[in-house]
Amino acid sequence: MNLRTLATRMLETAIPTFRRFWVPVVLCVALTLTLSSALTRDLRNNEDLLKVSLALVTGILAAWCAILYRERRYVYPEPESEVSSGAGETTRAGSELTANLIALPVSGLIIAATYLMLRNLGVVSMSRHLVICLVLSLACFIIPHLRREGSLEMYVVRIFSHAVVSALFAAIMFFGLSAITLTVSSLFSLDITYRAYIRIFLAMAVTLAPFLFMAGIPRGTLRGDTADYPKVLRNLVLFVVTPLLSAYTLVLYVYFAKILMTREWPVGLVAHLVLWYSMVGAAILYFTWPVAIDNKWGHVFSAYFPKAVIPLTLMMFASVGIRVRHYGITENRYYVMVFGAWVLGAMIYLILARPRKSLVLPISLAVVAALAVLGPWSSFSVSKWSQNRRFEALLTKYGMLQEGSIVHPSQPVPVEDRREFAEILFYFSRNHSLEDVRLLPSGFRFDEFEKVFGFQYYEPGFPKVHKYVRYHSEGQVLDISGYDKLFDFTSEFSRGPAVSLSQGPFEALYNSETWEIQVNIDGSTLWQKPLFEHIRDLSAKYGDAVDIEFSPEDMVITEETDNLRVKLVITSLWGDLSEPLAERPIAGSVLFYLLVTQK
């Protein structure tokens, strides 16, 4: 086969896929370009590009849903007469154009709505985005089978098989092109940076892999013919995955027996282990059902796995119930309870329902997921309500609540309860906002904790609310006009924390442990700067942010005394300011230029 023939066959294969899915393909290309632009720059300055990228992901999924909805009339494989005839081909082309013209505004609306929802890239927005993607992904399986004949199980098998092949093909292409790029760069001494490899990866992962995947999406539904079940996948499911799940089940039951004997109820990690195991097992059932008819082990696993999950799910509820009773509801515990309830309901349905409807599980999961992040019953609303109640109960316990305001405690507060106060506030700071704590004074900051509550919230060994600051200059021009001396403190000194640079009567001293700077002339101190206090006060304007990158404007300090004019230009800075009442940084480093002139 010559190159021209190969190129012709590739185009003949690619053109029908593009014609059928040209809106999602164009969105995949746009996503590749947007991610490439965002990831090859400073991410902190490309939040809008990241929001656009996240919105494009939901747009691609929405476009697939719209196109698949238009193709619901097909049952795969199509009759030969419809496929081969000229009239059938023309009809299909017109139907594909209509489907994409419907997908275009649908995806546009979803993209716009998602972008507006992503006001920031915090926990709430990202959780909602993840659920939108989950619901749209489930819809891609649900839509072709709504009130249509066909096997959802074989559809799942076909989609999964083709997704794996597409990912493998794209991965091989990425490693091959990366090796070629590296070889060319080495042999011809070209300055090819890491950005080129990022762009190659994005082109393969975000454009090529989805395009290949789209080529294998069935048109309409599939008949339940297990002859199309890939042999490799069949053996993997029957002889690897299901035995591993069975062994995992046995381990959990042994642990369950230990609990019954010791009467020590589980806490912590066990709830997540059971939940993920149950949900993965529910997904695996879609791969075992098609082969359960003619394979005894597949039949046994499909029949008994739902029954085995129910006692473990009840143990999971006991575990998370203990955590909720002591520490209230958070988003994670809410999700464990809600999706645990879905698992329990799904397993009971699979045991009792005759005949079983395969659509029940994905439809109910999509509804539960959507309700978990939307409305007044969402995980965010319920968690904030629960943690506010927990906070109010602590205040009441120590007589710290009078007429809706916080007062100092009337009795000593034990370390354990001081820790609870801090954990509640840290939860709001990390996941929501301190403004959501109803009883806190307006504009409250962590460095005001002792002033408001009457005690420090941290103890040795107690996990602090971390705050990090940093800055690194990427090159700049210094205006030294009007200054007599320039002291260079831009190198790490190895002769101890206290460093002194001097020339003539001028002497500059810097202590790298306390961040104290001092200028002497003829032995007399004319200027002194506690740089740590300045950096701490500067970080306060960023509110409750825990990872702060200062701007170049923040890093220039100009001051005057009666006898001296000083300009300090910081070139590199990092520091841990996690203890707001400390007199020095927990750790850190400052490099700077110091310009001085005597009046």
Side-chain angles (χ1 to χ4, degrees), residues 31 34-35 38 43-44 46-62 65 109-140 268-269 271-276 278-280 282-283 316 320 323-324 327-343 362-390 423-437 465 543-547:
L31 177 59
T34 307
L35 281 174
L43 287 178
R44 293 178 296 274
N46 287 282
E47 188 171 304
D48 285 339
L49 284 176
L50 291 176
K51 290 179 183 178
V52 171
S53 300
L54 293 170
L56 285 170
V57 172
T58 59
I60 293 167
L61 294 171
C65 290
L109 288 172
I110 293 294
I111 290 171
T114 304
Y115 182 82
L116 293 175
M117 180 199 70
L118 294 169
R119 291 173 294 180
N120 55 61
L121 300 180
V123 172
V124 175
S125 296
M126 293 303 296
S127 298
R128 284 178 173 154
H129 178 268
L130 183 63
V131 167
I132 290 173
C133 292
L134 173 63
V135 170
L136 290 173
S137 299
L138 290 171
C140 290
L269 187 61
H272 293 278
L273 294 177
V274 173
L275 178 64
W276 287 109
S278 303
M279 297 192 74
V280 169
M316 177 196 70
V320 74
R323 303 291 292 180
V324 169
Y327 306 111
I329 299 173
T330 61
E331 283 82 1
N332 285 341
R333 292 170 198 142
Y334 181 96
Y335 295 141
V336 169
M337 291 188 293
V338 168
F339 289 107
W342 175 82
V343 166
I363 291 176
S364 59
L365 179 59
V367 172
V368 168
L371 292 176
V373 297
L374 299 173
W377 49 77
S378 71
S379 61
F380 317 114
S381 300
V382 173
S383 297
K384 286 190 288 187
W385 167 81
S386 175
Q387 293 302 316
N388 267 299
R389 285 193 61 189
R390 181 184 168 204
E423 286 176 347
I424 294 170
L425 297 184
F426 184 46
Y427 161 80
F428 278 100
S429 174
R430 180 184 56 200
N431 293 348
H432 303 284
S433 168
L434 290 176
E435 297 296 326
D436 293 320
V437 186
V465 180
D544 296 323
V546 296
D547 189 7

Rounded to the nearest 0.5 Å, what separation is found between the [atom1] atom of [X] and the [atom2] atom of [Y]?
X: Thr58; Y: Tyr115; atom1: OG1; atom2: OH; result: 13.0 Å
X: Ser381; Y: Glu331; atom1: OG; atom2: CD; result: 9.5 Å
X: Arg389; Y: Ile424; atom1: CZ; atom2: CD1; result: 12.5 Å
X: Ser125; Y: Leu116; atom1: OG; atom2: CG; result: 11.5 Å
X: Lys384; Y: Asn431; atom1: NZ; atom2: CG; result: 10.5 Å
X: Leu374; Y: Ser379; atom1: CG; atom2: OG; result: 9.5 Å

For a side chain to side chain contact (heavy atoms under 4.5 Å, CB included) check, start with the C-alpha distance between His432 and Tyr427, then their side-chain angles and the critical distance, and finish with the verdict. CA-CA 8 Å; His432 303 284; Tyr427 161 80; 3.1 Å; yes
Minimum heavy-atom separation for [X] to [Y], with atom names?
X: Val343; Y: Ser278; value: CG1-CB, 3.5 Å
X: Val131; Y: Ala369; value: CG1-O, 3.3 Å
X: Ile110; Y: Gly59; value: CG2-N, 4.3 Å
X: Ser127; Y: Tyr335; value: CB-OH, 4.0 Å
X: Ala55; Y: Thr114; value: CA-CG2, 3.8 Å
X: Phe380; Y: Val373; value: CE1-O, 3.8 Å

Go through it in stages, so that I can follow the logic: the residues are Leu54 and Lys51, the test is side chain to side chain contact (heavy atoms under 4.5 Å, CB included), and I'd like the CA-CA distance, side-chain angles, deciding distance and then a yes or no. CA-CA 5 Å; Leu54 293 170; Lys51 290 179 183 178; 5.7 Å; no
Mind checking whether [X] and [Y] have side chains closer than 4.5 Å, heavy atoms only?
X: Tyr334; Y: Ser386; result: no
X: Tyr327; Y: Gln387; result: no
X: Leu365; Y: Met279; result: yes
X: Leu56; Y: Ile111; result: yes

Could you pull out all residues at least two apart from Arg390 that satisfy salt bridge (charged side-chain N to carboxylate O under 4.0 Å, His left out)?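 If we apply the salt bridge (charged side-chain N to carboxylate O under 4.0 Å, His left out) test to Arg390, skipping adjacent residues, the hits are Glu420, Glu423.
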For Asn388, is there any backbone N or O sitting under 3.5 Å from a side-chain donor or acceptor partner on Asp436?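 Side chain of Asp436 to backbone of Asn388, a donor-acceptor pair under 3.5 Å: no, none is there.
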